[in-house]
There are 2 protein chains.
Amino acid sequence: MVTIKDVAADAGVSVGTVSKVLNNMYVKADNRRRVEESIHKLGYQVNTYARGLKAQQTFTVAIIVPDLINPFFALLVNYVEQVLAAVGYKLLVCNSHCNADRELAYINMAKQNKVDGLIAVTYSNTDEYLEADMPFVSIDRHFKHQICCVSSDNEMGGRLAAEKFISTGCRNVIYIRNGSNLEGETLKRGKAFVDTCMQGGVEATRMDFGEETTLSKQQMNKIISFLEQCVKNGSMMYDGIFTSSDVHAIVVLKQLTEMGIRVPGDVQIIGYDGMRILNVGDYPVSSIAQPVKEMAVTCVDTLIKLIEKKPVERRIILPVTFVEGGTTR
Amino acid sequence: MVTIKDVAADAGVSVGTVSKVLNNMYVKADNRRRVEESIHKLGYQVNTYARGLKAQQTFTVAIIVPDLINPFFALLVNYVEQVLAAVGYKLLVCNSHCNADRELAYINMAKQNKVDGLIAVTYSNTDEYLEADMPFVSIDRHFKHQICCVSSDNEMGGRLAAEKFISTGCRNVIYIRNGSNLEGETLKRGKAFVDTCMQGGVEATRMDFGEETTLSKQQMNKIISFLEQCVKNGSMMYDGIFTSSDVHAIVVLKQLTEMGIRVPGDVQIIGYDGMRILNVGDYPVSSIAQPVKEMAVTCVDTLIKLIEKKPVERRIILPVTFVEGGTTR
DNA sequence: CTGAAAGCGCTTACAG
DNA sequence: CTGAAAGCGCTTACAG
């Protein structure tokens with residue numbers, strides 16, 4: 001391995017001088033040129049770990065997401081990596097599987113400067129482990145302290161779904177969800193949905209399937225048996241179903257279809273996220289689409305500002321859109 | 001930040017002794033206990049970068065994939081991270097966007113021990129940069145030297161698709177692809193498909209849309225105009241279309257449907273990959289499903305063996321299955 | 001503007 | 001079995 005020492009020897013300067021050209025500090029033009037030549041000739045590249053040890057900066061950032069099976073998270077990570085790479089940062093990914101220990105392990109890495117910062121979609125209660133001055137950007141979830149939070153406009157999402165149902169003549173709708181009840185933006189989805197429906201004269205209920213944050217087989221079965229109970233004599237008691245994610249909506253769609261309920265004829269369904277296979281497939285369900293790319297850009301932007309100790313906005317909310325996926329009229 | 005020095009002082013031993021308990025070497029029981037207590041009390045955690053600098057091992061591995069938008073890659077990365085985490089490794093992700101420079105940057109990191117090893121889905125010609133002794137596992141692509149390669153059974157995949165078409169009475173089928181022509185497993189898809197068709201008495205053609213590795217808008221348009229040319233008087237000249245990925249198949253499905261061709265009535269379509277939204281959606285097209293999880297496990301397993309300088313198999317091929325997605329009879 | 005030197009937090013022969 | 005010491009490849013005051 002070629003080190004800074006080899007470069008210094010080859011260029012006939014001290015290691016300090018080499019370090020200075022590496023870090024773009026002032027060096028006499030002539031020396032700079034010689035050092036650059038030697039770097040090129042020897043194929044030298046800085047050892048990030050040695051640099052990180054001394055300078056306490058590693059130019060790597062970690063992202064915590066539940067998993068990459070959910071295309072929303074995969075897309076998010078994809079764009080975060082892309083934006084980060086453009087500014088010279090590397091990305092460590094942590095699939096937490098909603099396990100608090102795994103989240104904590106990465107938060108600790110940030111504390112010890114093993115990563116420069118953290119972007120996290122987190123559903124467990126890790127509040128107390130966060131320090132106010134740590135470069136940390138949360139997605140959807142609020143924390144105590146002054147932790148930054150980026151999210152899509154969940155309130156707008158709930159409202160858009162409600163308005164769609166109202167304008168297409170629904171009479172009795174329901175919001176189906178499961179997930180964390182910790183303070184965060186996503187809780188606003190259901191509230192805005194129900195409120196808007198009420199104001200529009202449409203009856204609206206909420207059905208909460210508990211705190212479990214992933215949609216496990218077990219959760220799915222609960223939803224399925226709930227739907228079975230909603231059907232009397234081949235007719236469904238709700239004519240509009242809004243769900244907390246597209247996956248929920250897909251599960252609902254499958255089950256209703258199996259029970260012979262027509263979608264969107266008898267019942268309309270709207271999911272949340274706006275996911276589809278790549279960018280070419282159709283939307284599998286009508287949905288509220290999150291601006292994933294903009295969210296990624298905003299997260300990285302905010303995180304870099306935090307790392308550089310520049311001022312940032314603490315709450316950033318990005319607009320959503322309704323997308324048609326064949327499950328609405 | 002609490003260091004090994006603080007722990008040593010607190011426990012009343014030398015830093016060497018602390019290091020030994022950290023690395024599970026022999027330490028007198030009594031000392032070990034005291035050190036462990038101090039570690040716990042002070043909340044000490046090793047600084048990976050300092051350790052990496054000295055020990056030339058960082059317990060991080062990088063994976064290079066074109067992007068995470070394609071659910072096959074997202075799933076692969078998801079499982080790779082999961083398996084890696086279980087054995088104490090961290091994962092750096094690099095979306096190459098099929099850019100050789102980005103791939104090279106990460107190969108260089110591996111060379112300089114900034115990562116302990118590399119898993120790569122690579123389509124550019126980076127052969128010469130690889131050294132035979134570097135822990136490197138390739139997916140689908142062959143390299144010179146003794147580089148390990150893990151892949152799904154592409155030959156079997158081509159054969160399964162052909163057999164499906166034969167058994168459902170197709171007379172004239174085609175294989176549509178684009179992508180790298182570098183030596184690799186994926187080239188076998190088309191060959192096995194065409195050969196099996198021929199043997200079964202079915203006419204089979206190949207249509208190659210060039211070396212571009214991603215399916216860009218431009219590529220899609222080429223495929224679309226090709227399909228338009230295949231239709232005379234409202235009838236399609238091929239009755240079976242096998243494509244090199246599910247995304248291709250989805251594009252084909254959409255276009256045929258738009259042109260009023262019935263799928264699978266008039267034309268059957270089979271993709272490759274076996275992707276769908278999460279694990280709950282239907283397959284959007286009939287497909288040859290790759291065993292993503294097994295591939296991830298095998299890659300990690302092989303890489304760790306390589307890192308630990310244990311013997312490995314150089315070519316590992318895992319079986320595929322046909323999955324029904326409504327575009328076959 | 002540059003060099004010599006200290007030090008970042010670890011690991012690892014080497015004595016004892 | 002343990003401690004003292006060297007050294008991994010860098011950066012950064014500090015003299016000059």
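Chain naming here is simple, since letters A, B, ... match the order of the sequence lines and numbering starts at 1 in each. The basis for the numbers below is simple: all heavy atoms, side chains too, and nothing from hydrogens, waters or symmetry mates.
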Pairs under 3.5 angstrom only: tabulate donor-acceptor contacts from the side chains of residues 9-19 of chain B to other protein residues two or more places apart or in another chain.
from: B:D10; atom 1: OD1; to: B:K41; atom 2: NZ; distance (Å): 3.0
from: B:D10; atom 1: OD2; to: B:S38; atom 2: OG; distance (Å): 2.6
from: B:D10; atom 1: OD2; to: B:K41; atom 2: NZ; distance (Å): 3.3
from: B:S14; atom 1: OG; to: B:G16; atom 2: N; distance (Å): 3.4
from: B:S14; atom 1: OG; to: B:T17; atom 2: N; distance (Å): 3.3
from: B:S14; atom 1: OG; to: B:T17; atom 2: OG1; distance (Å): 3.3
from: B:S19; atom 1: OG; to: B:N23; atom 2: ND2; distance (Å): 3.4

For residues 308-318 of chain B, which side-chain N or O atoms pair as donor and acceptor with protein atoms under 3.5 Å away, sequence neighbours left out?
from: B:E308; atom 1: OE1; to: B:K310; atom 2: NZ; distance (Å): 3.1
from: B:R314; atom 1: NH1; to: B:Q146; atom 2: OE1; distance (Å): 3.1

With 3.5 Å as the limit, what N/O pairs link the protein to nucleotides 5-9 of chain C?
from: C:dG7; atom 1: N3; to: A:K54; atom 2: NZ; distance (Å): 3.4
from: C:dG9; atom 1: N2; to: B:A50; atom 2: O; distance (Å): 3.4

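Remark: A:R32 pairs with A:E36 by the salt bridge (Lys or Arg N to Asp or Glu O under 4.0 Å) rule, at least two apart or across chains. For B:E81, the salt bridge (Lys or Arg N to Asp or Glu O under 4.0 Å) partners at least two apart in sequence or on another chain are A:R102. Partners of B:F73 by ring-ring contact (aromatic ring centres under 6.0 Å, His included), not counting sequence neighbours: none found. Partners of A:S152 under the side-chain contact (heavy atoms from CB on, under 4.5 Å) rule, at least two apart in sequence or in another chain, are A:N154, A:Y272, A:Q290, A:P291, A:M295, A:V320. Applying the side-chain hydrogen bond (donor to acceptor under 3.5 Å, both in side chains) test to B:N24 and every residue at least two apart in sequence or in another chain returns nothing. In this structure, A:D6 has no salt bridge (Lys or Arg N to Asp or Glu O under 4.0 Å) partners at least two apart in sequence or on a different chain. Scored by the salt bridge (Lys or Arg N to Asp or Glu O under 4.0 Å) test, A:K28 finds no partners at all (sequence neighbours excluded).
Residues of residues 18-36 of chain A having a heavy atom closer than 4.0 Å to DNA chain D, listed by number: A:S19, A:N23.
Between C:dA4 and A:S14, no contact under 4.0 Å exists linking OP1 or OP2 to a side-chain N or O.
Using modelled atom types, no side-chain atom of A:D273 and backbone atom of A:S245 make a donor-acceptor pair closer than 3.5 Å.
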- Reading DNA chain D 5' to 3', how would its secondary structure be written in dot-bracket notation, given Watson-Crick and G-U pairs with both distances under 3.5 Å, brackets [ ] for crossing pairs and | for partners on other strands? |||.||||||||.|||
